[in-house]
Amino acid sequence: MTALARTADRPEDYARLGIAPGRIAAWEDGMRTDGASGSYEWWYFDAHLEDGTALVIAFYTKESLASWTGLRPSATAELTRPGQATRKLAVAVAGRDFSAATEQCEVRIGISSIHGRDGRYEIHFAAEDVVIDVTLRAQVPAWRPETGHFYFGPHDEHLFAWLPAVPQGAVHASITEAGVTTVREGVGYHDHNWGDASMMRLMNHWYWGRAQAGPYSVIASWLVGEKRYGYTEIPIFLLARDGEIVADDAKRVTLTLAEQFDDEVSGKPVANRIVYEYAGEGERFRVTFAREQTISRTLAREVDSAALRMLVAVARIDGAYLRFTGRVTVERFVDDELVETAEDHGIWELSYFGRTHRLAHEPA
């Protein structure tokens, strides 16, 4: 049976894309689209700082769901300090105030920018009374799930691509707000996404998260294709220990969603505990994301873009985006005996592009 959605992992996929298994070139984190209609692209960064502050910054060629538009660059930041509401900031610029290199990660949107190569990134963001400067140094090497490309349709008609250029890194952050500057250390992450069709068309929803716990670094995601693609489920999983990858074969991963409830604002089913199980050779790992707080919530019908709101209304899309923080636990078993446990804070998200669809292995 022809797959309706798949991870591009065949030798001919690597050859066609001009990339090598297990080896990431600097140009892969450069601009991969031309910004024209029929494409989208963004560079994402997040961090959890030593004082409990959560920080998310992203640079877009256009609104992430509006692939049909031309170039409409913007940069966004979300700043969540302990005990305070998340502060959302955004800046949009004309095309002439945007630039991006193709040979490495070098993006400028107005006076905000991200520059990176060889595992070191400098991020600058400025809007309203907030200025953020971050240095990110990789502690885990760049990685991608196989080619990092996911195709949708029986003939690979559409593409979604993803490169975790820094699965985990040490962060030095300077945050100035209302003239007051704080400097903190922390743990961060950077990835890069692009594609050729709106995610509302390709995907129904996904869970995605990353964390650092003791010696372990985790990236875990579960993508669910839209109805036209058979609600195909695509697992993604990376586990590194002391900077070395120890588990990344998605075919060995299973997912359990536990303690599920309907979010009071979006109405979407949210799992209080997300459990990824990885069955290795002679050992297995269990990674649990336990929600403590919903720090961000965006509904499709409330987006800033009038054109996107019109599309949402006409197509009757009830999409939602939720971001969470909480505890992430990594457990290692040898011959079914628990031999190691590590736990720390993490950041993860639930992106719902389509109407609610419960997975066959989800509790009702």
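Heavy atoms only: backbone and side chains are in, while hydrogens, waters and symmetry mates are out.
Considering only heavy atoms from C-beta on, F285 comes within 4.5 Å of Y216 through its side chain. Using a 4.5 Å heavy-atom threshold, the side chains of T76 and K88 count as separate. Contact of the F98 side chain with the T61 side chain is registered, since non-hydrogen atoms from C-beta on lie closer than 4.5 Å. For the pair V171/L55, no side-chain contact is recorded, criterion being any heavy-atom separation below 4.5 Å from C-beta on. Looking at heavy atoms from C-beta onward, L257 lies in side-chain contact with I274 at the 4.5 angstrom threshold. Looking at heavy atoms from C-beta onward, D133 lies out of side-chain contact with H172 at the 4.5 angstrom threshold.
Minimum interatomic distance between A213 and A342 (heavy atoms only, all atoms of both residues): O-CB, 3.4 Å. Listed here is the closest heavy atom pair of K62 and T69: NZ-O, 2.6 Å. For the residue pair W348 and G209, the shortest heavy atom distance occurs at CB-CA, 3.4 Å. G243 and P141 get closest at one heavy-atom pair: O-CD, 3.4 Å. Taking all atoms of both residues into account, the shortest heavy-atom contact from Y40 to L159 is OH-O, 4.3 Å. Considering all non-hydrogen atoms of both residues, T53 and P82 come closest at OG1-CD, 3.7 Å.
Side-chain atoms of N204 come within 3.5 Å of backbone N or O of R355 as a donor-acceptor pair. Here the side chain of D97 pairs no donor or acceptor atom with the backbone of G110 at under 3.5 angstrom. Between the side chain of Q293 and the backbone N or O of T325 there is no donor-acceptor pair closer than 3.5 Å. Side-chain atoms of T102 never come within 3.5 Å of backbone atoms of M31 as a donor-acceptor pair (strictly under, hydrogens ignored). In this structure, the side chain of K268 does not engage the main chain of Y352 through any donor-acceptor pair within 3.5 Å. For the pair W68 (side chain) and S198 (backbone), a donor-acceptor distance under 3.5 Å is absent. For E281 (side chain) and E283 (main-chain N/O), no donor-acceptor pair under 3.5 Å exists by modelled atom type. Formation of a donor-acceptor pair under 3.5 Å by the R144 side chain with backbone atoms of R23 is found in this model. Without hydrogens or angle criteria, R228 side chain to R201 main chain gives a donor-acceptor distance under 3.5 Å. Proximity of a side-chain donor or acceptor of S221 to a complementary backbone N or O of Y207 within less than 3.5 Å is detected.
To the nearest 0.5 angstrom, S351 atom OG is 7.0 Å from M199 atom CE. Between the CZ atom of F59 and the SG atom of C105 there is a distance of 8.5 Å, given to the nearest 0.5 Å. One distance of note links OH of Y189 with CD1 of I219; it measures 4.5 Å at 0.5 Å rounding.
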message = One pair to check against side-chain contact (heavy atoms from CB on, under 4.5 Å): V224 and H357. What are the steps and the verdict?
response = CA-CA 9 Å; V224 180; H357 169 72; 4.2 Å; yes
Derivation of the side-chain contact (heavy atoms from CB on, under 4.5 Å) call for I114 and H190 = CA-CA 11 Å; I114 177 169; H190 159 58; 4.2 Å; yes
request  = With side chain to side chain donor-acceptor pair (under 3.5 Å) as the test, would you mind laying out the steps for E343 and T329 before giving the verdict?
outcome  = CA-CA 4 Å; E343 183 179 274; T329 304; 2.9 Å; yes
query = What's the verdict on side-chain contact (heavy atoms from CB on, under 4.5 Å) for V56 and T86, showing C-alpha distance, side-chain angles and the deciding distance?
reply = CA-CA 10 Å; V56 176; T86 297; over 6 Å; no
request  = Report the C-alpha distance between R323 and D263 in whole Å, list the side-chain angles of each, state the deciding distance to 0.1 Å, and finish with yes or no for salt bridge (Lys or Arg N to Asp or Glu O under 4.0 Å).
outcome  = CA-CA 12 Å; R323 182 177 292 130; D263 177 68; over 6 Å; no
query = Taking it one step at a time, do D9 and K251 satisfy side-chain contact (heavy atoms from CB on, under 4.5 Å)?
reply = CA-CA 12 Å; D9 59 358; K251 296 181 179 66; 3.5 Å; yes
Derivation of the salt bridge (Lys or Arg N to Asp or Glu O under 4.0 Å) call for R241 and E340 = CA-CA 12 Å; R241 191 180 197 280; E340 186 177 16; 2.6 Å; yes
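A salt bridge links R210 to D46: one of the charged nitrogens lies within less than 4.0 Å of a carboxylate oxygen. Between D156 and R6 there is a salt bridge, since a side-chain N of the basic residue sits under 4.0 Å from a carboxylate O of the acidic one. In summary, R120 and E122 engage in a salt bridge, as defined by a charged side-chain N under 4.0 Å from a carboxylate O. A salt bridge links E264 with R297: the closest approach of a Lys/Arg side-chain nitrogen to an acidic carboxylate oxygen falls below 4.0 angstrom. Between R32 and E41 there is no salt bridge, since none of the side-chain N atoms of the basic residue sits less than 4.0 Å from a carboxylate O of the acidic one.
Taking the six-membered ring where the residue is Trp, H149 and Y151 present tilted rings, their angle falling between 30° and 60°.
Linking Ile, Leu, Val, Met, Phe, Trp and Tyr whenever their side-chain heavy atoms come within less than 4.5 Å leaves W42 and F125 in two separate clusters.
Counted by atom type alone, E331 and T341 present zero donor-acceptor pairs between their side chains at under 3.5 Å. For the 3.5 Å distance criterion, the side chains of T7 and E146 fail to qualify, holding no donor opposite an acceptor.
Take S67 and apply the side-chain hydrogen bond (donor to acceptor under 3.5 Å, both in side chains) test, not counting sequence neighbours, and it matches no residue.
Atom CD of E244 sits in a sparse spot, with 12 or fewer heavy atoms from other residues, nucleotides or ligands closer than 6.0 Å.
Remark: aromatic rings of W208 and Y44 are close, center separation under 6.0 Å. Y278 and F237 have their aromatic ring centers within a separation under 6.0 angstrom.
Of the options F152, F353, F160, F150, a ring-ring contact (aromatic ring centres under 6.0 Å, His included) to Y229 is made by F152 and by none of the others.
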